[in-house]
Structure formats: C-alpha cells, structure tokens
Amino acid sequence: MRLYNTRTRKVEPFAPLRGDHVRIYVCGLTPSAEAHLGHARSFMFFDVLRRYLVHLGYRVTFVENVTDIDDRSIDAAKATGRDWREIVKGYFDSFKRSMARLHVLEPDHEPRATEYIAQIQVMIEELIAGGHAYAVGDGVYFKVRSFARYGALSGRNLDELMVGARIAADENKEDPLDFALWKLAKPDEPSWNSPWGPGRPGWHIECSAMSRALLGEPFDLHGGGYDLVFPHHENEIAQSESLMPAPPMANFWVHGGLLQFDNRKMSKSLGNFEPLYELLDRHDPQAIRLLFLQTGYRKPMNFTEESIDGATTGLHRLLGAYDALREAPPVKHLEAASAVAIKPFAARFYAALDEDMNTSGAVSVLFDLGAGAPALVQSGAASHAAAFMHEAMTLLGISPVERSHRPVKVEYETSVVRFESGGSDVVFKIVAPTDAAGRLPVGTVDILRADVGGFVTLDGDAKAAVDAVVAARHRAKLAKDFGLADRLRGALKSIGVVVTDEKEGVTWTVVGG
RNA sequence: GGCGACGUAGCCAAGUGGUAAGGCGGAGCUCUGCAAAAGCUCUAUUCCCCAGUUCGAAUCUGGGCGUCGCCUCCA
C-alpha cells in the first residue's frame, strides 16, 4: 500500500522496517476533559489503518499512550477540589466506553506517562549529558538550537518562529523556544522525585520515552491529529533524534485531518464541543463511522446534523443490502461462476485502500454492491457477495450484524394528544404527566386510556396500548376497512408512533425527540 | 507577518494528464389496499476565475479571487 508521509510530504510505498512487523505509536488522549468527536475521527482512522495492515498480513504492534498528567488536569483539580487522578480516570473511562461503542480496537499497549517516570528521567539525563538540555530554576528545558533539524517536520525554521511574536518570554529559558522536559512542582502539585527536584514531566517527553521503551527506535509509524505536527511531534523528534545515531525516530508520520463541528473549530481552550458520549446517545455510532469513512482522512471536515442524518440513511441501506444477500437462498449450480462476479468489486475495494487509505472510494464499492444486490441474488452470487461485504465492512470497523436502533426519545408539545375521527369509530386519547415546560418526560409515555371504537378499550402502559391499537388496525385491514386502518395509523403518528407493514408482520417505532 | 491546506451538482464527497465514483436530497417508475421499505431510471457537456503548457487538463504551470487551519492547549 501507499501512504502519505508528513515527514517527506509525499505519498510513499509503505513497508515495515523489519520483516513483517509493523510498529505503530499513536498519540492518544490527554484526559483532562471529555473526549469529543474530533478525537473519535482520529482514533477511528488509525483503527482502520491498523485493521488494514493486519489484513495485508503484517504483524502489528499498536501503542496508544495516555498522557495522564498535565497542567490542565492539575488546574481542574485545583478548581474542583477533587484529586487529579480521579478527574483523569473519569474522563479516560468515559473515552474508553465511547471507543468501544465506535468499535475501535483496544491498543496492544496503552502506556501512561505516570508509569514511565523512570524512563522519562533517563532520557532527560541523556539529553543533558549530550548538551541538548539544561536544568534551571523551575525545571529542565530542551535546547532547541542544539537540534539542527528543528522545524523540519512542520516546515518551519527557528528564526521565523521568533518573528511569530506569540512566544512568551521566560527568564528561566536560554531561548524562548526551548520547551520543558521536567517541571518542578509548586506547592500542592503532584510530583515525582528526580535528580532536579520533585516535579512532573513536560508535555512531549513522555511520548519519546514511551515509544522508545515499547517499540524501540526507529519504529514504523507515528500517528496523531494534524494539530500535533507542531509543536508536539516536532518536539518529540528533537528529543528522540538528538539521542539517535541513525534518525528518523519514525519512518512514517501520519496525521489525520481535523474536524469542525457546525463550522466551528473544536478545541479544549474554546470548550465548544459536545461530549462524545452524548453524541453517541443521539446518533448511531456505526453511522458516525460511515460518515468519517466517506471523507478522506487527511481532509478537514465539518460535522453537521444534516451530514450524520445522510450517513444514517446510507448505513441502513448498506445493512439492508447485506441482510438481503445473506438471507437469499443459495443457488448451488451457479456458485462457482458467481465467485468470479464478486472479484471486480473486491479488486476496486482493496485498490482504493492501497492508495493512501481512500476509504471514501472503498465505501463507494460497497454501495455499488448493495445497489446490485437483487441482481446478485438472481445470479446466485448472493453468498459470495455477502461474504465479501462482511469482510469489507469488518475491515472498516462496521459490524454487518449490529443493529443499533436509534434511542427512543419522546417529547410532545402538549400533555394531551387527542385524535377524533369524523365518524364515531375512533377516539384515541393519550394522557400523560408532563414536565414544567408542558412536555412529556423523555422515554416515557403513560397512556391512561385509549378507546379505539369497537376494537379495543383499555387502560395500561404505553407499550401495551400501542400494541393494542396496532392490533386493532391490523384487524381493520383484514376486514378491508382501510379507512379505519388509515385513521388508526394516523392517530398513532400524531403521537409519534410510526407503524410499518413488513413482510413478516407489523412493526412500530417511536420517533421524534 | 510566517507556514500550509482547500475551492468538483442543492448538500457531502472520490478522482492528480485521457475525456466527471459514491452518498444524501429531489423527480419519475415498479412493487404494495394506501403508506413504509426495497429496486429501476433520471438529476455536473463540466470541476472558483483568467492566461499558458499539451493531440488532450478537474488534474501540470503562472496570476487572481475566496474559504479554512497552524504558528498558543489541542486528535
């Protein structure tokens, strides 16, 4: 396969440095705030990349770190009076639950900065010994001018960075661009003992130390969001490569495009994002994955309600097509020939992924296959098509069999919904307690009484009542009283219940919210 | 000010020299008592604008206009 390499600014053929073993380090979460959709996009991409490398036959070691100590979680602890570890654990656990819902596979290693304090300190000592770092009053700093290639990854040079003027002057630093390797603790701050005094690692050094400890140097692929190119990855390179006889530290640097939310940049400082777990309550995680797959991973993308609704519809079509193929009766005598019929689809699918992970092109193949499902069933190719779809969707992290219904949300404008037909045969009343705003509580409908003229009269809970009305409509249909049947369906629709006739029977779902 | 992306139908989006994938939406049709779902057909003579290179350009070059990101915590 070919992959875009930020280091060389080119799409290049990808191959492991050693044998068939691919070593990947992806910058993970700093759990000092709830994870957002932008994190999900990035981690889902690297999840698909990893799955594809495994598919290609490589043995993959996937490391995703957790920067579990940083200034913001300390600030959050100070602000709330809680222990910083508790805050980090809360956000991290929430993140892990969301990743599971999005089918992101578990990393092979998930190292935490606080578990690698010793390795971090060793590296800092090596940097000091090599003349690349110095200890001063408030900590240890990396001497940026000691690394000739500083700025190579992000295409900057030190003198131009100076002109940028937004670099805060700091009396402790020899050069304003130098960055912290070790920060000495102020009173009441968490700290670890070190040769330079109690303190904590600066941001950047943990990744250099942990990637070296777990993957060795050089390793194959270092990933992260595009916003990490500078300064985070630039600084990692400076730290690691200053100590390496034969750079680079990572052969490929891969960066995912950033996500905007309703045309607004998402960032921790702006705090303008919806927590990921909330978004996953409102939208099918599989649809979110499909939506991201339909855009090139390096392109910036804008997430809107409209775009996720479109992807949800598309997902249903894809899953419906898969069901149709899987359930089609086999046509034995055509099997051999039909296997050949699937080959062009598979070829297109994998060719797309081979070219810098063109997931959008790959997904289009699945839609083509789905659209042709009836024809494939006819020609006896259904089982082969289903098998390929299963393989392809699984590779993309979409479960072909999972059917997550949209969470039920019921909110009505009024406390009493009435339907009365022109005639005498339908009286359908639903009465429920409401909140202060006059709306029904989400997820509950209490039907106190439903009279459906002649067919049903009952008191009871909402589900039973709706079932009864649906059954009444069904009987009306059998009696060829389509006028009544339609009025009953209309009555249900007016309270947000959609009734659908299907081959196997009648189903109803609650919509709205 | 510096660096870097991007601009393809109503919306999203693939495509980097050979004559515009796919998704959503929309229109018509088929099937259904009616709906829904599903399928079929149609929906960009054209890729922000101008100039150039070429037999040929959405794709390359130059210029212009516009949008956005990074340079400060960030996936």
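We name chains A, B, ... by the order of the sequence lines, and we start the count at 1 in each one.
- In this structure, A:D323 atom CG and B:G39 atom P are separated by 12 Å, rounded to whole Å.
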At a cut-off of 3.5 Å, list every protein nitrogen or oxygen paired with a nitrogen or oxygen from nucleotides 66-69 of chain B, distance to 0.1 Å.
none

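- Without hydrogens or angle criteria, A:H222 side chain to A:W253 main chain gives no donor-acceptor distance under 3.5 Å.
- Separating the CZ atom of A:F45 from the P atom of B:A75 is a distance of 17 Å, rounded to the nearest angstrom.
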Sugar-phosphate atoms are those with a prime plus P, OP1 and OP2; base atoms are the rest. Using that split, label each nucleotide of nucleotides 20-34 of chain B B, S or - for protein heavy atoms under 4.0 Å, 5' to 3'.
-> -BSSS--------BB
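- Taking the P atoms as reference points, B:C49 lies 31 Å from B:U41, given to the whole Å.
- As rounded to whole Å, 6 Å separates atom P of B:U72 from atom CZ of A:F230.
- With P as the reference atom, B:A20 and B:U46 are 12 Å apart, rounded to whole Å.
- A donor-acceptor pair under 3.5 Å is absent between the side-chain atoms of A:R2 and the main chain of A:E355, judged by distance alone.
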Please tabulate, for the side chains in residues 60-67 of chain A, all donor-acceptor contacts under 3.5 angstrom to protein atoms that are two or more places apart in sequence or on a different chain.
from: A:T61; atom 1: OG1; to: A:H21; atom 2: NE2; distance (Å): 2.6
from: A:N65; atom 1: OD1; to: A:Y25; atom 2: OH; distance (Å): 3.3
from: A:N65; atom 1: OD1; to: A:G28; atom 2: N; distance (Å): 3.0
from: A:N65; atom 1: ND2; to: A:T67; atom 2: OG1; distance (Å): 3.1
from: A:T67; atom 1: OG1; to: A:E206; atom 2: OE2; distance (Å): 2.8

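- For B:G15, the OP1/OP2 oxygens have a side-chain nitrogen or oxygen of A:N358 closer than 4.0 Å.
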Does the salt bridge (charged side-chain N to carboxylate O under 4.0 Å, His left out) test come out yes or no for A:R348 and A:D368, once each step is laid out?
-> CA-CA 11 Å; A:R348 277 175 57 208; A:D368 285 345; 2.8 Å; yes
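- Between A:R101 and A:D284, no side-chain nitrogen of the basic residue sits less than 4.0 Å from a carboxylate oxygen of the acidic one, so the salt-bridge criterion is not met.
- Stacking of A:R97 on the aromatic ring of A:Y277 is not recorded, the 6.0 Å distance cut-off and the 45° axial limit not both being met.
- With A:F92 as the aromatic partner, A:R112 meets the cation-pi criteria of under 6.0 angstrom to the ring centre and within 45 degrees of the ring axis.
- Along RNA chain B, the nucleotide closest to A:L291 and the one closest to A:L259 are compared, and the more 5′ of them pairs with A:L291.
- Contact annotation: A:K299 reaches the phosphate of B:A14 (side-chain N/O to OP1 or OP2, under 4.0 Å).
- Distance, A:F303 CZ to B:C12 C1': 13 Å, rounded to whole Å.
- Computed from coordinates, the A:F292 CZ to B:C12 P distance equals 16 Å when rounded to whole Å.
- Ion pairing between a basic and an acidic side chain is recognised when a charged N comes within 4.0 Å of a carboxylate O; A:K143 and A:D178 show no such pairing.
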